[in-house]
**Q** 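One structure coming up, written as structure tokens, with questions to follow.
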Amino acid sequence: MMKNSLVSIARRALTTTVNSTALNLRCYCSPPSSSKAKLFVGGLSWSVDEKSLQDAFSSFGEVTEVKIIYDRDTGRPRGFGFVHFSKEEDAASAKDAMDGKALSGRPLRISLALERVRGEPVVVPRLRNTGDSSRRDA
DNA sequence: ACTGAGCGA
């Protein structure tokens, strides 16, 4: 029970980007019970399309939404996307079935999509201290 | 043309 509660704790993925002037923080939360029908598909070939993913995943269940993430800087696909299923079990089946399978000649990495935290990414204007040594908080 | 380990506006 208690261990299950600990496991149920939402894990946070923190991406820290250190710049000369600012520190960019992006937080993601893992859904405890909801939005499990959302799959993160990584390792996608840069030549893959949304319709390809939809066609590949619709074979396992009803795909409600398919979106491939493109880089807004270069305009090229980052190589990963998100697939929404109407049923969580179908999403899990598709994940278990398509995970490790090669699409467009490239192995796919499928996992539960982490839900991005609401709001905009936290941007810290400046680092308080470089911290040459690990500081202990009282 | 080449590249990649990554969670979206």
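Sequence lines set the chain letters: A, B, ... in the order given, protein chains first and strands last, and positions in each chain run from 1.
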**Q** Round to the nearest Å and state the distance from A/R78 atom CZ to B/dG6 atom P.
**A**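 Rounding to the nearest Å, CZ of A/R78 and P of B/dG6 are 12 Å apart.
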**Q** Testing A/I68, A/V63, A/L39 for side-chain contact (heavy atoms from CB on, under 4.5 Å) with A/L53, which one passes?
**A**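 By the side-chain contact (heavy atoms from CB on, under 4.5 Å) criterion, A/L53 pairs with just one of A/I68, A/V63, A/L39: A/I68.
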**Q** Under a 90° cut-off about 0 for the syn range, is B/dG6 syn or anti?
**A**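 What B/dG6 shows is a syn base, its glycosidic angle lying within 90° of 0.
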**Q** How would you list, by chain and number, every residue that makes a side chain to side chain donor-acceptor pair (under 3.5 Å) with A/K51, sequence neighbours excluded?
**A**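 In terms of side chain to side chain donor-acceptor pair (under 3.5 Å), with neighbours along the sequence ignored, A/K51 is linked to A/D49.
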**Q** Using residues 90-99 of chain A as the side-chain source, report each donor-acceptor pair under 3.5 Å to any protein atom, sequence neighbours left out, with the distance given to one decimal.
**A**
residue: A/S93; atom: OG; partner: A/E89; partner atom: O; Å: 2.8
residue: A/D99; atom: OD1; partner: A/I110; partner atom: N; Å: 3.1

**Q** Could you list the residues that satisfy ring pair (Phe, Tyr, Trp, His ring centres under 6.0 Å) with A/F60, not counting sequence neighbours?
**A**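 Once residues adjacent in sequence are excluded, A/F60 has no partner under the ring pair (Phe, Tyr, Trp, His ring centres under 6.0 Å) criterion.
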**Q** Taking CG from A/L114 and C1' from B/dA5, how many angstroms apart are they, rounded to a whole number?
**A** 14 Å
**Q** Check the distance between B/dC7's C1' and A/K38's NZ and give it to me in whole angstrom.
**A**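 Those two atoms, NZ and C1', are 9 Å apart.
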**Q** Taking atom C1' of B/dG6 as reference, at what distance in whole Å does atom CG of A/L112 sit?
**A** 16 Å
**Q** Hey, which sits more toward the 5' end of DNA chain B by its nearest nucleotide, A/S45 or A/S111?
**A**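 By nearest-heavy-atom nucleotide position, the 5'-most residue is A/S45.
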**Q** What salt bridge (Lys or Arg N to Asp or Glu O under 4.0 Å) pairs are there with at least one residue in residues 54-76 of chain A, not counting sequence neighbours?
**A**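 Listed once each, the pairs are A/D71-A/R78.
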**Q** Which comes earlier along DNA chain B counting from the 5' end, the contact point of A/P77 or that of A/F40, where each point is its nearest nucleotide?
**A** A/P77
**Q** May I ask you to list the residues of residues 50-76 of chain A, by number, that have any heavy atom positioned under 4.0 Å from an atom of DNA chain B?
**A** A/K67, A/I69
**Q** Judged by atom type as modelled, is there a donor-acceptor pair below 3.5 Å linking the side chain of A/Q54 to the main-chain atoms of A/V66?
**A**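 Such a contact is absent between A/Q54 side chain and A/V66 backbone.
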**Q** Could I get the full list of side chain to side chain contact (heavy atoms under 4.5 Å, CB included) partners for A/S59, not counting sequence neighbours?
**A** none
**Q** Is there a side-chain contact between A/R26 and the phosphate of B/dG8, meaning an N or O under 4.0 Å from OP1 or OP2?
**A** yes
**Q** Nearest-Å distance, CZ (A/F80) to C1' (B/dT3)?
**A**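 From A/F80 CZ to B/dT3 C1': 16 Å.
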**Q** Between A/L39 (CG) and B/dG8 (P), how many Å, whole number?
**A**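 Checked: the CG to P distance equals 16 Å.
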**Q** Using whole Å, report how far CH2 of A/W46 lies from P of B/dG6.
**A** 13 Å
**Q** Does a distance-only test, which skips hydrogens and angles, find a donor-acceptor pair under 3.5 Å between the side chain of A/R106 and the base of B/dG4?
**A** yes
